[in-house]
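To start, the structure itself, in structure tokens.
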Amino acid sequence: MQNRTALRLAASTTAVIAAALSLTACQPGGDGAAKTASPAPASAAPSTGAPATASAAPTAASAPGTPGGGRSTASAAPASPASATSADKAPTCPVTAVQATASQAADRPDGTGTGAAIVEFTNVSAHACVLQGHPSVGGAGNGSPEHNKPLKVTPAGTASAVRLAPGGKAWVKLTFVQVQGEGDGYCASGAKPAVYPTLVVGLPGSGAHQVALSDGEFAECDNTVTATAVTAAKPS
């Protein structure tokens with residue numbers, strides 16, 4: 001009987017221990033719980049990398065030229081040279097905007113002919129415009145442009161645009177082969193002097209203008225003339 005009782009107690013004790021071990025294995029703080037939760041850090045990895053993704057976003061947003069960025073390349077861009085030039089550039093003066101007159105030059109070759117003349121151009125329009133280039137010159141026979149006798153022009157100086165405000169003036173100087181002697185005079189070349197009541201003076205893009213001297217006629221030799229380009233400073 002004692003042996004049976006001892007066996008029953010031993011079996012009962014073993015069952016109790018087994019039950020206790022089973023209950024311990026089911027508790028969250030036990031070794032089994034730690035082994036089951038070990039994959040969690042791997043699933044948490046994206047949240048660890050999330051700040052890196054967030055910190056990259058401001059860098060992309062602040063890149064020049066992107067919408068919402070910290071800098072605007074459009075506002076910092078300089079004005080186009082081409083648009084600035086076109087805004088300041090005046091058109092070439094049309095023939096209707098120009099009034100031309102002529103007078104003898106103070107500085108002219110020795111002789112008895114005209115020697116040299118100053119042609120003055122005035123902008124008579126209400127808008128700024130540009131004159132430029134070397135003129136063409138023709139003698140108007142009997143004062144009539146229909147009987148124009150073209151003179152051979154030798155250009156002098158560099159041509160550049162001259163901007164005229166309304167009422168502004170520009171000039172060219174015409175220097176002729178001078179007539180010598182008294183009376184009808186003579187030409188050093190042996191040719192006969194030519195006398196024109198008026199000249200027809202043309203400018204590139206600005207038409208031809210008939211001018212007369214305020215003190216006499218245009219007397220010259222060889223039908224040649226040296227002409228300056230349009231200038232903003234009145235020649236002598």
Side-chain angles (χ1 to χ4, degrees), residues 90-124 129-164 168-236:
T92 299
C93 297
V95 63
T96 54
V98 180
Q99 183 180 77
T101 58
S103 60
Q104 281 195 345
D107 183 9
R108 58 185 189 269
D110 293 334
T112 56
T114 305
I118 305 297
V119 181
E120 179 180 274
F121 301 96
T122 304
N123 177 9
V124 295
C129 59
V130 168
L131 293 178
Q132 59 187 329
H134 292 88
S136 61
V137 182
N142 297 320
S144 174
E146 293 81 28
H147 301 105
N148 188 11
K149 172 75 174 181
L151 274 62
K152 181 180 179 181
V153 177
T154 300
T158 302
S160 59
V162 177
R163 186 179 187 275
L164 299 182
K169 298 179 183 294
W171 297 267
V172 297
K173 182 175 182 177
L174 308 177
T175 302
F176 304 97
V177 177
Q178 184 64 290
V179 177
Q180 306 296 324
E182 300 297 330
D184 291 338
Y186 67 93
C187 297
S189 65
K192 183 179 178 180
V195 179
Y196 300 104
T198 61
L199 293 181
V200 178
V201 181
L203 289 176
S206 298
H209 306 272
Q210 187 174 2
V211 295
L213 284 174
S214 57
D215 48 357
E217 297 180 314
F218 296 97
E220 54 85 31
C221 286
D222 304 335
N223 285 331
T224 63
V225 59
T226 298
T228 67
V230 176
T231 176
K234 185 177 181 179
S236 57

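The residues of the chain are indexed from 1 along the displayed sequence. On a predicted model such as this, the values are computed, not experimentally measured, just so you know.
- Between the Glu220 side chain and the Val177 main chain, no donor and acceptor come within less than 3.5 Å of each other.
- Using modelled atom types, one side-chain atom of Thr228 and one backbone atom of Lys173 make a donor-acceptor pair closer than 3.5 Å.
- The minimum heavy-atom distance linking Gln180 with Gly111 is given by the pair OE1-CA, 3.9 Å.
- Between Gly185 and Val179, the shortest heavy-atom contact is CA-CG1, 3.9 Å.
- In this structure, Ser236 contributes its side chain and Ala106 its backbone to no donor-acceptor pair below 3.5 Å.
- Across Ser103 and Leu213, no two heavy atoms sit closer than the pair C-CD2, 3.6 Å.
- Checked by atom type and distance alone, the side chain of Thr122 never pairs as donor or acceptor with a backbone atom of Val124 at under 3.5 Å.
- In this structure, the separation between CG on Leu131 and CH2 on Trp171 is 11.0 Å, given to the nearest 0.5 Å.
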- List the steps and the verdict of side chain to side chain contact (heavy atoms under 4.5 Å, CB included) for Leu151 and Phe176. CA-CA 10 Å; Leu151 274 62; Phe176 304 97; 4.2 Å; yes
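- Contacts of Glu120 classified as salt bridge (Lys or Arg N to Asp or Glu O under 4.0 Å), with partners at least two apart in sequence or in another chain: Lys169.
- In this structure, the side chain of His134 engages the main chain of Ala156 through a donor-acceptor pair within 3.5 Å.
- Between atom CZ of residue Arg163 and atom SG of residue Cys93 there is a gap of 10.0 Å, rounded to the nearest 0.5 Å.
- Counting all heavy atoms, side chain and backbone alike, Ser206 lies closest to Thr92 at OG-CG2, 3.5 Å.
- When all heavy atoms are compared, the tightest approach of Pro197 to Ala140 is CD-O, 3.7 Å.
- Closest of all the heavy-atom pairs between Asn223 and Lys149 is ND2-CE, 3.3 Å.
- Inter-residue side-chain proximity for Ser214 and Thr101 is flagged as unmet; no heavy-atom pair is nearer than 4.5 Å.
- Residue Asn142 places its CG atom among 12 or fewer non-hydrogen atoms of other residues, nucleotides or ligands, all under 6.0 Å distant.
- Among residues at least two apart or in separate chains, disulfide (SG to SG under 2.5 Å) pairs with a member in residues 184-236 are Cys187-Cys221.
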- For the pair Arg108 and Thr114, evaluate side chain to side chain contact (heavy atoms under 4.5 Å, CB included) and give the outcome as yes or no after the intermediate values. CA-CA 8 Å; Arg108 58 185 189 269; Thr114 305; over 6 Å; no
- Yes or no on side chain to side chain contact (heavy atoms under 4.5 Å, CB included) for Leu174 and Leu199, after CA distance, side-chain angles and deciding distance? CA-CA 11 Å; Leu174 308 177; Leu199 293 181; 4.0 Å; yes
